[in-house]
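Chain identifiers are assigned alphabetically (A, B, ...) following the order of the sequence lines, protein sequences preceding nucleic acid strands; residue numbering begins at 1 within each chain. For the numbers below, each heavy atom of this structure counts, side chains included, while hydrogens, waters and symmetry mates do not.
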Amino acid sequence: MARPNDEVEAVLQEYADLVAITGGDAFKARAYEKAARAIGGFPTDISTLDAEGLREIPHVGKSIADKVLEYLSTGRIPALEETRAAIPPGVRELIAVPTLGPRKAMTLYEELGVSSVEQLLDAIHDKKLRDLKGFGPRTEENILHGIDLARKAGGSGGRILIDAAMDVAEQIVAELSGTAGCEGCAYAGSLRRMRETIGDIDVLVAATRSGPFMEAIAALPYTAEVIAHGEKKTSIRTTKGLQVDLRVLPPGSWGAGLLYFTGSKAHNIRIRELAVRHGYKLSEYGLFHAKSGRRITSATEEDVYARLGLPWIPPTLREDRGEVAAGLRDELPELVEDGDIRGDLHTHTDLTDGLASLEDMVTAAARRGYSYYAVTDHAPDLYMQRMTDAKILAQRERVRELDGKHRRMRLLHGAELNIGPDGEVDWPGEFLAGFDLCVASVHSHFNQSRAELTRRLVRACENPHVSVIGHPTTRLIGKRPGIDADFDTVFEACARTGTALEINAHPERIDLCDEDILRAKRYGVKFAVNTDAHSTTHLPYMRYGVGTAQRGWLTKDDIINTWPLQRLRRFLSPK
DNA sequence: GCCGTTTTCGGCCCGACTGTTTTCAGTCG
């Protein structure tokens with residue numbers, strides 16, 4: 001089930017949309033949008049807050065706090081229901097069509113009575129849009145195209161997994177970097193912030209002449225369509241339906257441009273407000289004096305932040321979750337980095353469902369420069385893996401033989417236990433004691449009650465041999481929601497028992513996610529960033545786990561697989 | 001509707017591109 005925060009976020013966002021559609025005060029609509037986002041991302045369960053507590057959430061004032069309380073106690077907000085009554089639900093559906101916004105949607109409804117995508121298609125077919133002011137033949141085409149795209153994107157909201165976006169972005173950056181006149185090229189946007197899914201890719205180029213880059217991107221083999229083509233910006237759609245926006249900036253504007261296009265939007269608004277308070281104006285072209293219009297700086301992100309009294313803020317923190325305030329106090333966390341990771345603590349081989357042999361996995365891991373590496377194949381309770389005591393003990397022999405043979409990397413022999421319906425795991429304590437570490441994860445019975453799921457995870461934490469809870473929510477992005485356990489209780493149990501929570505770096509999982517990490521950290525939990533690699537090609541997924549850990553404000557000390565082996569072993573020893 | 005070391009009123013981030021316009025509204029990020 002959705003957290004109350006998510007539910008209220010959706011309700012407030014709906015109200016914001018309806019205010020915009022009905023032509024209400026645009027600032028009021030934005031106020032509701034801001035409050036919706038703030039509540040959705042707020043770490044505390046809002047159903048536990050009173051009016052005073054609610055008003056401590058940014059952008060939540062008296063009016064919205066009252067509406068939230070009303071919603072939480074009655075499930076209704078009269079003001080919202082009145083507005084709903086005036087506007088059929090299908091009208092709101094219209095603004096989900098690209099190129100259709102609240103104004104056009106309302107014109108369609110008022111003038112033609114259109115209140116669904118179906119009716120809109122009929123109206124276009126009957127050429128009824130031709131008579132409307134502001135609607136021309138191209139508008140019709142764009143709407144038809146937009147409907148088509150929205151349908152193809154389906155329920156995923158058109159976002160793709162981070163690794164797929166990263167592949168495309170790195171190819172494009174390589175291509176444009178090699179184009180003559182390129183003085184800088186990088187991807188920005190949500191990809192640079194390492195969000196778990198990516199809506200579109202933003203690529204920046206620093207150059208004095210933009211033409212060659214606009215032509216280069218339009219000519220890429222996987223460019224299916226040029227959506228917009230201008231002097232400063234070109235947007236294309238790839239053959240896989242991914243939108244890429246290319247911006248070419250004067251080299252002197254690089255820092256301000258990179259800052260602007262990295263976002264997030266909420267972070268940008270925050271620092272622009274800061275700029276205004278200093279008597280400046282900040283745009284993608286630089287930081288300017290508001291009055292004289294004279295440029296102060298824009299060459300690097302560091303320069304721009306510094307003039308606003310801030311240290312450089314890592315992109316993964318730029319989500320308006322307090323990073324600006326922390327920066328002003330010089331209290332930004334020293335974030336974990338890729339190079340801090342000393343080993344991977346959750347990996348598989350072809351002894352169970354992995355694709356590569358033990359030797360190949362170990363060789364590939366050593367090549368990554370790890371100082372230790374754990375092999376954690378599935379245990380017997382996942383019976384399709386056909387694990388036996390004899391097989392895992394034989395594997396242990398081979399692991400011991402390989403230990404230290406590859407660039408002196410130390411090997412840990414472990415297992416990924418299955419957390420059964422009652423919280424039990426595969427082997428009794430005396431057998432588990434033979435492992436260097438045990439990861440324990442939920443693999444089935446996802447639909448138990450909240451109480452059962454919670455008790456199940458807590459019992460696993462209480463097992464003295466379980467050191468890490470693997471992919472704690474078991475979600476698969478775009479395919480399966482996470483289990484409905486009371487994770488605050490689970491986090492508390494992890495902290496109490498000294499059990500680490502995994503940040504599973506597989507792009508389909510990213511589990512825990514950034515918001516869960518922020519919540520868990522407040523309980524004093526430790527984390528393990530693991531790839532759950534089933535092949536050598538999965539080992540590089542570590543970067544997505546580290547990015548997610550950064551988004552959760554984690555430092556080296558929070559993450560057990562950045563620790564020296566001795567300290568790690570102490571953590572892994574039976575509790 | 002929210003917010004406040006210039007303000008409790010009067011602001012609210014800022015700019016690019018498209019399509020319909022002939023000076024600008026709407027949408028998007």
Side-chain angles (χ1 to χ4, degrees), chain A residues 12 15-16 19-21 23-39 54-68 79-80 94-108 129-130 132-143 145-146 158 188-190 193 198-204 210 214 226-235 243-249 253 256-257 259-288 290 308-309 320 328:
Chain A
L12 294 179
Y15 192 60
V19 169
I21 291 169
D25 180 4
F27 291 113
K28 179 174 164 182
R30 276 210 359 227
Y32 274 97
E33 263 180 36
K34 285 194 266 191
R37 268 204 311 273
I39 287 172
L54 285 170
R55 294 194 56 177
E56 282 177 18
I57 303 173
H59 311 298
V60 175
K62 177 168 179 0
S63 173
I64 292 181
D66 287 348
K67 287 189 175 72
V68 171
L80 170 61
L94 296 180
I95 66 174
V97 175
T99 72
L100 268 190
R103 309 301 310 151
K104 282 202 165 78
M106 194 55 179
T107 304
L108 288 166
L129 269 58
R130 304 273 165 95
L132 297 180
K133 199 169 74 176
F135 287 67
R138 294 305 306 273
T139 311
E140 271 184 20
E141 275 177 44
N142 288 337
I143 291 173
H145 191 51
S190 54
R193 302 199 313 277
I198 307 297
D200 54 34
I201 295 175
D202 297 295
V203 177
L204 299 189
S210 67
M214 304 309 190
V226 177
I227 303 165
H229 195 320
E231 194 191 333
K232 297 181 170 162
K233 174 181 163 179
T234 291
S235 297
Q243 182 171 331
V244 182
D245 295 333
L246 170 64
R247 291 289 297 240
V248 180
L249 300 158
S253 298
L259 181 56
Y260 177 81
F261 290 108
T262 297
S264 65
K265 193 171 170 177
H267 176 85
N268 286 351
I269 289 172
R270 189 69 68 186
I271 59 175
R272 281 187 181 194
E273 287 167 354
L274 198 58
V276 169
R277 285 213 290 282
H278 280 80
Y280 303 149
K281 185 180 70 106
L282 180 61
S283 76
E284 60 263 53
Y285 296 113
L287 187 66
F288 302 87
L308 300 175
D320 191 24
L328 288 171

Ignoring hydrogens and angles, tell me if any N or O in the side chain of A/S210 forms a donor-acceptor pair with the backbone of A/E231 under 3.5 Å.
yes
Do any pairs count as a salt bridge (Lys or Arg N to Asp or Glu O under 4.0 Å) and have a residue in residues 133-142 of chain A, sequence neighbours left out, and if so which ones?
A/R130-A/E140, A/R138-A/E141
How would you label the glycosidic angle of B/dT20: syn (within 90° of 0) or anti?
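Here the answer is anti: the torsion falls beyond 90° from 0.
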By ring-ring contact (aromatic ring centres under 6.0 Å, His included) - contacts of A/H229 (at least two apart)
none
Tell me every residue that passes ring-ring contact (aromatic ring centres under 6.0 Å, His included) with A/Y280, counting only those two or more places apart in sequence or in another chain.
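A/Y280 satisfies ring-ring contact (aromatic ring centres under 6.0 Å, His included) with A/H278, A/H289 once adjacent residues are dropped.
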5'-most by nearest nucleotide on DNA chain B - A/S283 or A/H229
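Of the two residues, A/S283 wins.
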So [X], base contact, sugar-phosphate only, or nothing? Heavy-atom distance under 4.0 Å.
| X | value |
| --- | --- |
| A/L282 | sugar-phosphate |
| A/Y32 | sugar-phosphate |
| A/E231 | sugar-phosphate |

Rounded to whole angstroms, how far apart are [atom1] on [X] and [atom2] on [N]?
| X | N | atom1 | atom2 | answer |
| --- | --- | --- | --- | --- |
| A/R270 | B/dC13 | CZ | C1' | 12 Å |
| A/Y280 | B/dC14 | OH | C1' | 19 Å |
| A/F288 | B/dC13 | CZ | C1' | 14 Å |
| A/I269 | B/dC13 | CD1 | P | 6 Å |
| A/L12 | B/dG1 | CG | P | 12 Å |
| A/I227 | B/dT18 | CD1 | P | 11 Å |

Summary of protein contacts for nucleotides 2-9 of chain B, nucleotide by nucleotide, where a base hit scores B, a sugar-phosphate-only hit scores S (4.0 Å, heavy atoms)
SS------
Within the 4.0 Å limit for protein heavy atoms, which parts of nucleotides 19-29 of chain B are touched? Write it as a string from 5' to 3', B for base, S for sugar-phosphate only, - for none.
SS-----SSSB
So which nucleotide does B/dA25 pair with, by the Watson-Crick or G-U wobble rule with both distances under 3.5 Å?
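Across all strands, the one nucleotide that pairs with B/dA25 is B/dT18.
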Closest approach of [X] to [Y] (non-hydrogen atoms, all atoms of both residues):
| X | Y | answer |
| --- | --- | --- |
| A/G146 | A/V97 | C-CG1, 3.8 Å |
| A/I198 | A/I201 | CG2-CG1, 4.5 Å |
| A/A38 | A/H59 | CB-CD2, 4.4 Å |
| A/A256 | A/Y285 | CB-C, 3.9 Å |

Measuring only between side-chain heavy atoms, which start at C-beta, is A/T99 closer than 4.5 Å to A/I143?
yes
Whole-angstrom distance between [N] and [M], as gauged at atom [atom1]:
| N | M | atom1 | answer |
| --- | --- | --- | --- |
| B/dT21 | B/dG11 | C1' | 31 Å |
| B/dG26 | B/dT22 | P | 14 Å |
| B/dT20 | B/dC28 | P | 15 Å |
| B/dT23 | B/dC17 | C1' | 16 Å |
| B/dT8 | B/dC2 | C1' | 12 Å |
| B/dT5 | B/dG1 | P | 23 Å |

All pairs passing side chain to side chain donor-acceptor pair (under 3.5 Å) where residues 262-275 of chain A contributes a residue, at least two apart
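Those involving residues 262-275 of chain A are A/R192-A/T262, A/H267-A/Y305, A/H267-A/E323, A/R270-A/D320.
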